[in-house]
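As structure tokens, the structure follows; a few thoughts come after it.
Note: hydrogens, waters and symmetry copies are ignored here, and every other heavy atom, side chains too, is used. Residue numbers begin at 1 in each chain, while the letters A, B, ... track the order of the sequences.
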Amino acid sequence: MGVDQSVKTVSADSINSFHLNEKKRIKVKPFNKASLIIQLTIISLVLVTIYTFISFDYSDINLFEGIISTFQNVKIMFLEPHFKHFSFVTALYQVMITLGLAFLTTLFGALIALFLGFFAARNLSSKPVSAAIKGFVAVIRSVPTVLWVLIFAVAAGLGSVAAVIGMTFHTVGYLIKAYSESFEELDEGVIEALKASGANWWQIIFQAVIPSSMTYIISWTFLRFEVNFAVAVAMGAAAGAGGIGFDMFMASGFYFDLREVGVITYFVLAFAIALELIATKVKTNLKTSA
Amino acid sequence: MTTLLQLNHVSKHYGNDTKALSDVNFSVKEGEFVSIIGPSGAGKSTLLRCINRMVDANSGEIIFDNVDIAGLGKKDLKKARTKIGMIFQHYNLVNRLSVIENVLHGRLGFKSTLAGALGLYTEEEKRQALQILGVLGLQEQIYKRSDQLSGGQKQRVGIARALIQNPKMLLCDEPIASLDPNASKIIMDHLKNISASMGITVLVNLHQVEVALKYSDRIIGVNKGSLIFDGPPNEITAEIIEAIYGSEAGDLMFDLGGQYAG
Ligand SMILES: Nc1ncnc2c1ncn2[C@@H]1O[C@H](COP(=O)(O)OP(=O)(O)OP(=O)(O)O)[C@@H](O)[C@H]1O
Ligand SMILES: [Mg+2]
């Protein structure tokens with residue numbers, strides 16, 4: 001009986017309060033500082049974009065002709081590709097070099113990041129250590145890979161050494177964040193269970209943390225491998241790291257051979273797709289296997 | 001029977017104002033089956049976790065197997081923990097690993113860091129794992145991934161993982177709270193059987209008074225961090241239930257539990 005009455009009072013109260021607010025519009029999202037800042041940012045970005053387009057200087061260029069000739073170039077590049085300054089086999093060899101650069105930097109980066117990632121994860125490490133690593137890594141990530149390569153080129157000279165060090169550096173920064181966040185997703189209870197049975201830290205890492213986060217680790221590493229492949233192509237051109245990127249740079253900037261640029265683009269594209277396919281295959285295998 | 005566990009004046013507070021345990025005293029004999037009951041937030045989980053130092057008590061003595069757990073260093077604490085198995089409401093298995101790999105995790109505390117990390121177990125350990133899984137009726141699931149098991153099966157894997165430690169005591173934190181009545185009965189029967197046939201002391205947190213009354217040699221009632229009751233099931237009355245759980249709840253729960261009492 002007592003319970004019944006209290007239920008009635010509650011519902012009567014809530015009906016009353018609905019009547020009171022009937023005239024006001026009901027907001028679904030509460031107003032706060034964060035949403036105001038986001039809105040202001042979006043508005044100012046839109047304004048800046050509009051201003052930039054208005055203030056472009058088009059005087060020497062006929063927009064229509066420009067578009068036509070761009071299309072023509074694209075057509076030559078992709079519909080009439082050919083080899084001139086080097087052969088199919090050389091191109092294959094050069095792609096392998098680029099791929100090797102991407103593979104090496106991803107492997108180094110992943111190993112270092114895996115190790116440091118354990119200390120960066122809040123649930124596996126102490127607060128100050130985790131905060132220190134995460135802060136340091138945020139700084140590394142905020143500088144683009146290309147810049148790191150150029151920074152290391154000051155000491156190592158432009159070339160493959162600077163490219164390997166610079167790319168590894170940024171990979172470490174990126175993967176520590178990715179790995180440590182996957183580790184933090186791990187169910188606290190699993191760690192507790194192993195701790196309670198007397199297992200030590202390294203045993204918990206290898207027996208619980210790594211098996212549980214394996215799919216994440218693989219996904220993030222493959223993703224970074226794809227990024228590193230693209231960066232490695234660019235490094236060939238920009239930092240003299242060799243590989244297919246350098247040939248592309250020669251074909252476009254030195255020989256002005258659009259058709260050869262087209263061939264190389266197809267090459268890079270084919271490899272990128274192959275990588276993607278392999279990555280997907282590995283991931284599905286991992287998910288279905290016991 | 002000798003005393004296996006003795007708590008003297010154990011207190012624990014989280015932060016400055018949350019008092020989870022205040023001056024708890026009780027002892028448990030070897031092979032005893034003891035249930036801890038009490039309302040949500042009474043400090044049951046905290047009490048269990050103070051015993052194997054997953055949570056550090058602020059004051060008091062916890063004497064287990066003639067050693068004061070509270071004063072142990074890191075290394076000795078790990079050694080002491082191997083003698084205490086723990087079972088959880090949410091099983092806490094490594095989902096991606098097979099049943100037998102999860103069971104063998106119970107041996108990690110006995111192994112070198114390297115052997116444990118790489119999962120190099122002896123034939124003897126594997127044989128024992130199979131034997132325990134057989135006793136618990138899991139012989140068909142040995143190589144299944146543990147996230148493919150039902151809740152009741154997962155909890156049995158949890159029990160197997162604790163048993164392979166050859167523990168002197170099991171701490172069970174609401175082992176049946178996520179299970180249906182059938183699976184609950186299977187788990188409780190296994191726990192009772194372990195205590196009776198292997199002489200392992202079992203300390204179990206329960207939400208179901210009727211289950212506690214049916215299975216326990218002794219019941220400990222906790223409310224707001226203090227011991228309210230410590231005695232055999234047949235001494236439990238409606239008044240005591242009321243004191244543990246607060247007014248009104250007593251009537252309801254005792255109606256359910258009454259049929260087993262006495
Ligand atoms: N890690 C923690 N930090 C702060 N307070 C905590 C922590 N763990 C538990 N508490 C508090 O200590 C008190 C006892 O909690 P405990 O989990 O031991 O209760 P319980 O009896 O197990 O409850 P339940 O039946 O809901 O599991 C509660 O007031 C809880 O809020
Ligand atoms: Mg609890």
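Heavy atoms closer than 4.5 Å to chain B are found in both the backbone and the side chain of A:Asn200. Of the two parts of B:Ile84, only the backbone, made up of N, CA, C and O, holds a non-hydrogen atom closer than 4.5 Å to a non-hydrogen atom of chain A. Only the side chain of B:Arg49 comes within contact range of chain A, judged by heavy atoms closer than 4.5 Å. Contact annotation for B:Ser112: only backbone heavy atoms (N, CA, C, O) come within less than 4.5 Å of a heavy atom of chain A. Heavy atoms closer than 4.5 Å to chain A are found in the side chain of B:Arg161, but not in its backbone. Neither the backbone nor the side chain of B:Leu114 has a heavy atom closer than 4.5 Å to any heavy atom of chain A.
A:Gly198 and B:Thr82 make their closest contact through CA-CG2, 4.4 Å (heavy atoms, listed as atom of the first residue, atom of the second, distance). Residue A:Gln207 comes nearest to B:Leu118 through the heavy atom pair NE2-C, 3.9 Å, listed as atom of the first residue, atom of the second, then distance.
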Does the side-chain contact (heavy atoms from CB on, under 4.5 Å) test come out yes or no for A:Gln203 and B:His105, once each step is laid out? CA-CA 9 Å; A:Gln203 293 172 336; B:His105 280 167; over 6 Å; no
Test side-chain contact (heavy atoms from CB on, under 4.5 Å) on B:Leu108 and A:Leu194; report intermediate values, then the result.
CA-CA 8 Å; B:Leu108 289 176; A:Leu194 293 201; 4.1 Å; yes
side-chain contact (heavy atoms from CB on, under 4.5 Å) assessment of A:Glu188 paired with B:Asn92
CA-CA 9 Å; A:Glu188 202 60 46; B:Asn92 297 356; over 6 Å; no
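Other residues, nucleotides and ligands contribute at most 12 non-hydrogen atoms within 6.0 Å of the NZ atom of A:Lys177. Crowding of B:Tyr14 atom OH: a count of heavy atoms from other residues, nucleotides or ligands under 6.0 Å exceeding 12. More than 12 heavy atoms of other residues, nucleotides or ligands sit less than 6.0 Å from atom CH2 of A:Trp148. At most 12 heavy atoms of other shown residues, nucleotides or ligands fall within 6.0 angstrom of atom CZ in A:Phe108. The number of heavy atoms from other shown groups lying within 6.0 Å of CZ (B:Phe26) is above 12. Annotation: A:Phe222, atom CZ; neighbour count of heavy atoms from other residues, nucleotides and ligands within 6.0 Å is above 12. Other residues, nucleotides and ligands place no more than 12 heavy atoms under 6.0 Å from the NZ atom of B:Lys79. By the 6.0 Å contact criterion, CZ on A:Arg122 is open, its count of non-hydrogen atoms from other residues, nucleotides or ligands being 12 or less.
The NZ atom of A:Lys195 sits 11.0 Å away from the CG atom of B:Asn52 when rounded to the nearest 0.5 Å. Taken to the nearest 0.5 Å, the CZ atom of A:Phe206 stands 11.0 Å off from the OG1 atom of B:Thr113. With rounding to the nearest 0.5 angstrom, the CE atom of B:Met86 is 5.5 Å from the CD atom of A:Glu192. In this structure, CZ on B:Phe88 lies 10.0 Å from CG on A:Asp187, to the nearest 0.5 angstrom.
Although no hydrogens or angles enter the test, the distance criterion places no donor-acceptor pair under 3.5 Å between the side chain of B:Arg81 and the main chain of A:Ser197.
The greatest number of non-hydrogen atom pairs below 4.5 Å with chain B, out of A:Ala193, A:Ala196, A:Ala199, A:Ala208, is found for A:Ala196.
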